[in-house]
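Notes for the one structure printed next.
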Amino acid sequence: MARSRLLRYPDARSALDQLHGKGLNFDVGRAGELTPANGWRVDHYRQPLPPEPPGPPLPGGSFAVARRLVNEYEFADPSIIRAIYHPDEPLEQRDLLLEARFYGLRFYFGVRVGGVHDDSRDLDGCAVRIWGWSYRTLQGHLEMGQMDYDVLKWLDTGEVEFRISRFSRAASIPNPLVRLGFHLFGRHEQVRFARRACTRMARLVAEELAHEGTRDPVSRAANHVDVVAASEAGAPRDRLARQLRDRPGSS
């Protein structure tokens with residue numbers, strides 16, 4: 001697969017592997033205190049997807065397609081965020097190096113998968129099948145917090161939905177220019193990422209279902225392909241590793 005060749009670049013492999021030794025930059029054990037009253041921003045986004053017949057999710061149906069796209073981080077708009085990870089690593093053990101793009105600038109942040117779930121629940125008196133995962137910010141990230149991505153199917157109606165939930169706040173940012181930029185544009189980029197992710201997910205699922213049985217899955221510019229070819233652009237091959245190493249809070 002295309003994303004496997006990301007790991008052939010020494011800068012990508014080194015920067016990604018360095019994340020394994022980093023800790024979270026917030027105390028997840030105090031989850032009950034991570035509220036707006038304590039300075040945390042809490043967001044929820046919901047995106048309806050093409051429905052299925054009532055009952056369990058269908059093989060190759062809307063739920064299954066969305067689940068695969070979430071698993072592979074395909075929902076993110078590659079013009080905003082791309083991800084680098086070991087493709088052979090189980091999702092629940094995965095660290096991701098995220099490349100954020102902003103007006104020609106690129107910033108690299110580390111996150112760690114905080115959990116994967118796949119079960120049936122009762123929501124507002126209705127039986128729902130839900131699959132999803134979350135990631136948490138690591139040392140050196142400009143933010144502190146967690147993002148949750150879920151695919152849900154209401155078994156009685158067949159409705160399918162994609163959800164994004166987030167709690168976050170700014171981390172300590174020593175660089176005054178970066179701190180000012182985050183203060184001015186951070187919230188805008190947060191909202192833009194989530195809204196684009198929702199609309200992109202709806203479009204990709206609809207395209208995949210429309211082409212079912214006619215050809216291979218719809219080709220697209222994946223958000224985890226060709227994101228670290230820094231050496232080909234003339235930058236030092238260890239640029240990403242050095243950037244992470246020198247960032248405050250790095251270990």
Side-chain angles (χ1 to χ4, degrees), residues 1-29 31 63-78 80-101 106-119 130-152 162-168 171 193-194 197 200-201 204 217 220-230 240-241 243-245 247 249-251:
M1 296 179 66
R3 60 180 176 275
S4 297
R5 54 193 186 84
L6 291 174
L7 301 180
R8 291 211 301 264
Y9 294 109
D11 52 358
R13 182 181 295 275
S14 177
L16 180 60
D17 289 344
Q18 283 189 39
L19 298 181
H20 299 326
K22 293 181 178 289
L24 303 182
N25 64 355
F26 70 103
D27 186 357
V28 70
F63 182 95
V65 171
R67 171 174 173 164
R68 177 176 56 77
L69 294 173
V70 172
N71 178 71
E72 298 180 356
Y73 205 73
E74 285 276 10
F75 56 86
D77 185 335
I80 301 175
I81 291 284
R82 297 191 181 194
I84 306 164
Y85 58 85
H86 290 287
D88 297 328
E89 208 167 50
L91 176 59
E92 60 272 14
Q93 300 175 17
R94 189 174 294 171
D95 285 346
L96 299 92
L97 183 67
L98 302 182
E99 179 194 71
R101 299 182 171 195
R106 300 187 183 191
F107 301 90
Y108 295 89
F109 311 112
V111 297
R112 176 166 298 140
V113 172
V116 181
H117 51 264
D118 182 9
D119 53 44
I130 180 170
W131 181 92
W133 60 283
S134 64
Y135 62 59
R136 299 163 178 168
T137 55
L138 298 176
Q139 296 169 355
H141 203 296
L142 297 183
E143 292 182 281
M144 301 182 290
Q146 177 173 308
M147 296 278 287
D148 293 80
Y149 305 106
D150 294 302
V151 182
L152 303 88
F162 172 53
R163 290 188 179 184
I164 299 176
S165 300
R166 168 176 51 210
F167 62 82
S168 65
F193 166 79
R200 177 177 165 87
M201 172 64 84
L204 294 182
R220 58 183 67 95
N223 57 7
H224 48 265
V225 175
D226 295 334
V227 300
V228 294
L240 298 186
Q243 182 185 35
L244 289 183
R245 184 184 65 240
R247 180 169 293 151
S250 298
S251 58

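Counting heavy atoms from C-beta outward, Phe162 and Val70 have side chains that approach closer than 4.5 Å. The closest side-chain heavy-atom distance from Leu96 to Val113 is below 4.5 Å. Side-chain contact between Phe109 and Leu138 is absent, with no heavy-atom pair separated by less than 4.5 Å. In this structure, the side chains of Leu91 and Arg94 come closer than 4.5 Å at one or more pairs of heavy atoms. Looking only at side-chain heavy atoms (C-beta outward), Glu72 and Tyr85 come within less than 4.5 Å of each other.
Shortest non-hydrogen contact noted between Leu98 and Tyr135 is CD1-OH, 3.7 Å. Across Asn25 and Glu143, no two heavy atoms sit closer than the pair ND2-O, 2.8 Å. The two residues Arg112 and Gly23 have their closest heavy-atom pair at NH1-CA, 4.4 Å. The two residues Met144 and Thr137 have their closest heavy-atom pair at CA-OG1, 3.3 Å. For the pair Ala15 and Leu97, the tightest heavy-atom approach, listed with the atom from each and the gap, is CB-CD2, 3.8 Å. Nearest heavy-atom pair across Ile164 and Met147 is CG2-CE, 4.0 Å.
Taking the six-membered ring where the residue is Trp, Tyr149 and Phe75 present tilted rings, their angle falling between 30° and 60°.
The NE2 atom of His20 sits 10.0 Å away from the CD atom of Gln93 when rounded to the nearest 0.5 Å. One finds the CG atom of Asp150 at 4.0 Å from the CD1 atom of Ile130 (value rounded to the nearest 0.5 Å). Here the NE2-CG distance, from His117 to Asp148, works out to 7.0 Å after rounding to the nearest 0.5 Å. Interatomic distance, Ile84 CD1 to Tyr73 OH, rounded to the nearest 0.5 Å: 11.5 Å. Taking CD1 from Ile80 and CD from Glu99, the interatomic distance works out to 12.5 Å, rounded to the nearest 0.5 Å.
Remark: Asp118 engages Arg67, Arg129 in a side chain to side chain donor-acceptor pair (under 3.5 Å) (not counting sequence neighbours).
Using modelled atom types, one finds no donor on one side chain facing an acceptor on the other under 3.5 Å when comparing His86 with Asp95.
Here the side chain of Arg200 pairs no donor or acceptor atom with the backbone of Pro78 at under 3.5 angstrom. Judged purely by atom type and a 3.5 angstrom limit, Arg166 has no side-chain atom pairing as donor or acceptor with the backbone of Gly145.
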